[in-house]
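Encoded as C-alpha cells, here's the structure I'll be asking about.
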Amino acid sequence: MAWGLWLALGAGCDDQRVVIGAFAPGQGGAGGAPERPVFDPATALAELNSDAREEDPTATGDLLEIYFMSDRDGDRDLWTSRRAAAGSPWGAPRAVEELNSDDVEDTPSVSDDGLTIWFFSAREPAGIWRAERASREAPWGAPVRVGALDVPEAEVMSPHVDAAGLRVVVGLRGPSTAGWDIAIATRERPEDGWSALAPIAELNGPDDEHAPFLFDEGRQILFRSGGDLFWAWRPGTDAAFEAPEPLGEPVNLPDERDTDPHLSRDGSVLFFASTRTGVADLYEARRPAP
C-alpha cells in the first residue's frame with residue numbers, strides 16, 4: 001500500500017480513526033509494516049527565508065501558522081508567519097517578542113491547535129520552556145520552564161510533543177551519550193507530569209541523532225542522523241523501533257545537511273531545513289499522489 005492514509009473502520013472496531021501508514025496484516029510492507037514515506041522534490045519557502053539561517057519549522061494542524069528559528073537579527077530567536085489558506089504564500093515573518101529573550105531561543109514545537117508551544121531557551125536556567133495562549137489571536141503568555149525534562153549534566157533541545165500530548169521526544173547530549181541522542185518521556189494524561197527522559201537506544205548510533213518528530217500515536221518517527229533525515233516505525237508503543245531508514249533523495253541530498261522534520265497532520269507535507277543553498281533555509285516536500 002502506498003504511503004498515505006487509510007481509514008481503520010474494520011468490523012467490531014469501537015472507534016474510527018485516520019492513521020498515517022498501514023499496520024493491518026497484509027497492508028503496507030513486509031509483515032504489515034508501513035512503507036517508508038516518499039516525497040516529491042522539495043521547494044524552498046521563499047517568503048520565510050532570508051540571507052541568514054532559518055531552521056526548526058513547526059506548524060499548526062491547519063497549516064495556517066508556522067514557527068521557526070531565525071538569526072536574521074543577529075540572535076537565534078523564534079519567528080512566525082501566517083497565511084490565509086493551506087497552499088497560499090506565507091505572510092511576512094515577525095519575531096515572537098513575547099517568547100524571545102536576550103539569549104538563544106530555538107527548536108520550537110507548536111501544538112496542533114496552536115495554543116501551546118514548546119522550545120529551547122538558553123535563558124537561565126537553560127532548558128525546555130513552554131508557553132500557552134487563550135486563542136490563536138491572543139499573545140503568548142509568559143514562558144514557563146519544564147524542569148521535568150531536565151537531565152543532570154546534559155543538554156536537552158528539540159522537544160516535540162505528539163498530537164495526543166502523551167509523549168515527548170527530544171535531542172539529548174550527555175552525560176553518557178557520545179553526541180546527540182534521541183530520548184523520550186511519557187505520561188498517562190496530558191495533565192500529568194512527565195516520566196524521566198530515556199534514550200531510544202535502537203535509534204541512536206555513532207552519528208548525532210537529533211530533531212525528532214513522533215507521529216501515528218507514537219509508532220512512527222522522523223529524525224536527523226548525521227546530515228540526513230531518517231524514518232523508523234514500531235508495531236506498538238511498547239515495542240522497539242525497527243532499524244531506521246534514510247528518506248533518501250530527493251529529500252536528502254548528498255553533501256548537504258537536511259534536518260528538523262515536521263510532518264503535516266495528514267502526512268502529505270514535510271517541512272524541514274536544509275543547507276542546499278549554502279545556508280540553512282526552510283523547505284517543504286509534498287507526498288506524491290497515489
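This structure is a prediction, so every number in the text was calculated from the model and none was measured. Positions are given from 1, in the same order as the sequence printed here. Heavy atoms only: backbone and side chains are in, while hydrogens, waters and symmetry mates are out.
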- Query: Just by distance, do the side chain of Thr60 and the backbone of Gly114 share a donor-acceptor pair under 3.5 Å?
  - Reply: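 Looks like no, no N/O pair under 3.5 Å.
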
- Query: Nearest 0.5 Å, what's the CG-CG distance between Leu222 and Leu247?
  - Reply: 6.0 Å

- Message: Taking transitive links into account, so neighbours of neighbours count too, which hydrophobic residues share a cluster with Val269 at under 4.5 Å side-chain distance?
- Response: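 Cluster partners of Val269: Leu45, Leu48, Leu63, Ile66, Phe68, Trp79, Trp90, Phe271, Leu282.
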
- Query: side chain to side chain contact (heavy atoms under 4.5 Å, CB included) between Thr186 and Thr237: does it pass, once the steps are laid out?
  - Reply: CA-CA 11 Å; Thr186 61; Thr237 55; over 6 Å; no

- Message: Nearest 0.5 angstrom please: Ser176 OG to Asp181 CG, how far?
- Response: 8.0 Å

- Task: State which residues pass salt bridge (charged side-chain N to carboxylate O under 4.0 Å, His left out) with Arg83; sequence neighbours excluded, sorted by chain then number.
- Result: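 Not a single residue meets the salt bridge (charged side-chain N to carboxylate O under 4.0 Å, His left out) criterion with Arg83.
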
- Item | hydrophobic_cluster_shared for Phe272 and Phe213, side chain cutoff 4.5 Å |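 Yes, because Phe213 and Phe272 connect within a single hydrophobic cluster, where side-chain heavy atoms sit under 4.5 Å apart.
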
- Does a side-chain N-to-carboxylate-O contact under 4.0 Å join Arg136 and Asp62?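 Salt bridge between Arg136 and Asp62, a charged N being under 4.0 Å from a carboxylate O: yes.
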
- Query: What are the two closest non-hydrogen atoms of Pro159 and Val168, and how far apart are they?
  - Reply: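 Here Pro159 and Val168 meet closest at CB-CG2, 4.4 Å.
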
- Message: Once salt bridge (charged side-chain N to carboxylate O under 4.0 Å, His left out) is applied, do any residues pair with Asp77, and if so which ones, sequence neighbours excluded?
- Response: none

- Message: Hydrophobic clustering (ILVMFWY, side-chain heavy atoms < 4.5 Å, transitive) - are Val104 and Met157 grouped together?
- Response: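 Looking at the clustering, Val104 is in the same group as Met157.
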
- Task: Determine whether Leu149 and Val161 fall in the same hydrophobic cluster, where Ile, Leu, Val, Met, Phe, Trp and Tyr are linked whenever their side-chain heavy atoms lie under 4.5 Å apart.
- Result: yes

- For Ala285 and Val251, the nearest pair of non-hydrogen atoms, with its separation, is CB-CG2, 4.3 Å

- Message: Using the rule that Ile, Leu, Val, Met, Phe, Trp and Tyr join whenever any side-chain heavy atoms are under 4.5 Å apart, tell me whether Leu197 and Ile182 fall into a single cluster.
- Response: no

- With no hydrogens and no angle check, is any side-chain donor or acceptor of Arg234 less than 3.5 Å from a backbone partner on Gly218? yes

- Query: What heavy-atom pair brings Gly267 and Phe39 nearest, and what distance separates the two atoms?
  - Reply: O-CE2, 4.1 Å

- Qualifying residues under ring-ring contact (aromatic ring centres under 6.0 Å, His included), relative to Trp180, sequence neighbours excluded: His210

- Task: Please report the shortest heavy-atom distance between Pro246 and Phe230, naming the atom on each side.
- Result: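 Heavy-atom minimum between the residues: N-CD2, 3.4 Å.
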
- Task: Return each pair, listed once, that meets salt bridge (Lys or Arg N to Asp or Glu O under 4.0 Å) where at least one residue sits in residues 91-105; pairs must be two or more places apart or across chains.
- Result: Glu105-Arg123

- Task: To the nearest 0.5 angstrom, please state how far the CE atom of Met69 sits from the CG atom of Asp75.
- Result: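 Going from the CE atom of Met69 to the CG atom of Asp75 covers 11.0 Å.
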
- Item | Residue pairs involving residues 149-168 (criterion salt bridge (Lys or Arg N to Asp or Glu O under 4.0 Å); sequence neighbours excluded) |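 Every pair satisfying salt bridge (Lys or Arg N to Asp or Glu O under 4.0 Å) with a residue in residues 149-168: Arg145-Asp150, Glu155-Arg173, Asp162-Arg167.
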
- From Trp231 CH2 over to Leu270 CG, what is the distance, rounded to the nearest 0.5 angstrom?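 The distance works out to 14.0 Å.
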
- Nearest 0.5 Å, what's the OG-CH2 distance between Ser158 and Trp118? 14.5 Å

- Sequence neighbours excluded, every pair satisfying salt bridge (Lys or Arg N to Asp or Glu O under 4.0 Å) that has a member inside residues 276-285: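 Salt bridge (Lys or Arg N to Asp or Glu O under 4.0 Å) check on residues 276-285 returns Asp258-Arg276, Glu284-Arg286.
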
- Using modelled atom types only, decide if a donor and an acceptor are shared between the side chain of Ser109 and the backbone of His160 within a distance under 3.5 Å.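 No.
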
- Sequence-distant partners of Glu132, salt bridge (charged side-chain N to carboxylate O under 4.0 Å, His left out), two or more places apart: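 Glu132 satisfies salt bridge (charged side-chain N to carboxylate O under 4.0 Å, His left out) with Arg130 once adjacent residues are dropped.
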
- Which other residues belong to the hydrophobic cluster containing Val110, where Ile, Leu, Val, Met, Phe, Trp and Tyr are joined when side-chain heavy atoms lie under 4.5 Å apart, directly or via other members?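 Grouped by the 4.5 Å side-chain rule, Tyr67, Leu78, Val96, Leu99, Ile117, Phe119, Trp129, Trp140 form the rest of the cluster around Val110.
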
- Shortest non-hydrogen contact between Pro261 and Phe223, atoms and distance: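 The pair with the smallest heavy-atom distance is CG-N, 4.0 Å.
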
- Note on the structure: Interatomic distance, CG@Leu203 vs CZ@Phe241, rounded to 0.5 Å, equals 5.5 Å

- May I have all residue pairs that pass salt bridge (Lys or Arg N to Asp or Glu O under 4.0 Å) and include part of residues 197-208, sequence neighbours excluded? none

- Item | Residues forming a side-chain contact (heavy atoms from CB on, under 4.5 Å) with Ala154, sequence neighbours excluded |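 With sequence neighbours excluded, Ala154 shows a side-chain contact (heavy atoms from CB on, under 4.5 Å) to Val151, Leu172, Pro175, given in chain and number order.
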
- Query: Going by heavy atoms in the side chains, are Ser121 and Pro143 under 4.5 Å from each other?
  - Reply: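 SC-SC contact between Ser121 and Pro143 ruled out.
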
- Does the Asn252 side chain pair with the main chain of Leu229, one donor and one acceptor, at a distance under 3.5 Å? yes

- Message: Keeping Arg72 on the side-chain end and Glu54 on the backbone end, is there a donor-acceptor pair under 3.5 Å?
- Response: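 Such a contact is absent between Arg72 side chain and Glu54 backbone.
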
- Item | Partners meeting salt bridge (charged side-chain N to carboxylate O under 4.0 Å, His left out) with Glu47 (sequence neighbours left out) |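 Applying salt bridge (charged side-chain N to carboxylate O under 4.0 Å, His left out) to Glu47 gives none.
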
- Heavy-atom closest pair, residues Glu55 and Asp260: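 In terms of heavy atoms, the two residues are closest at CB-OD2, 3.3 Å.
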
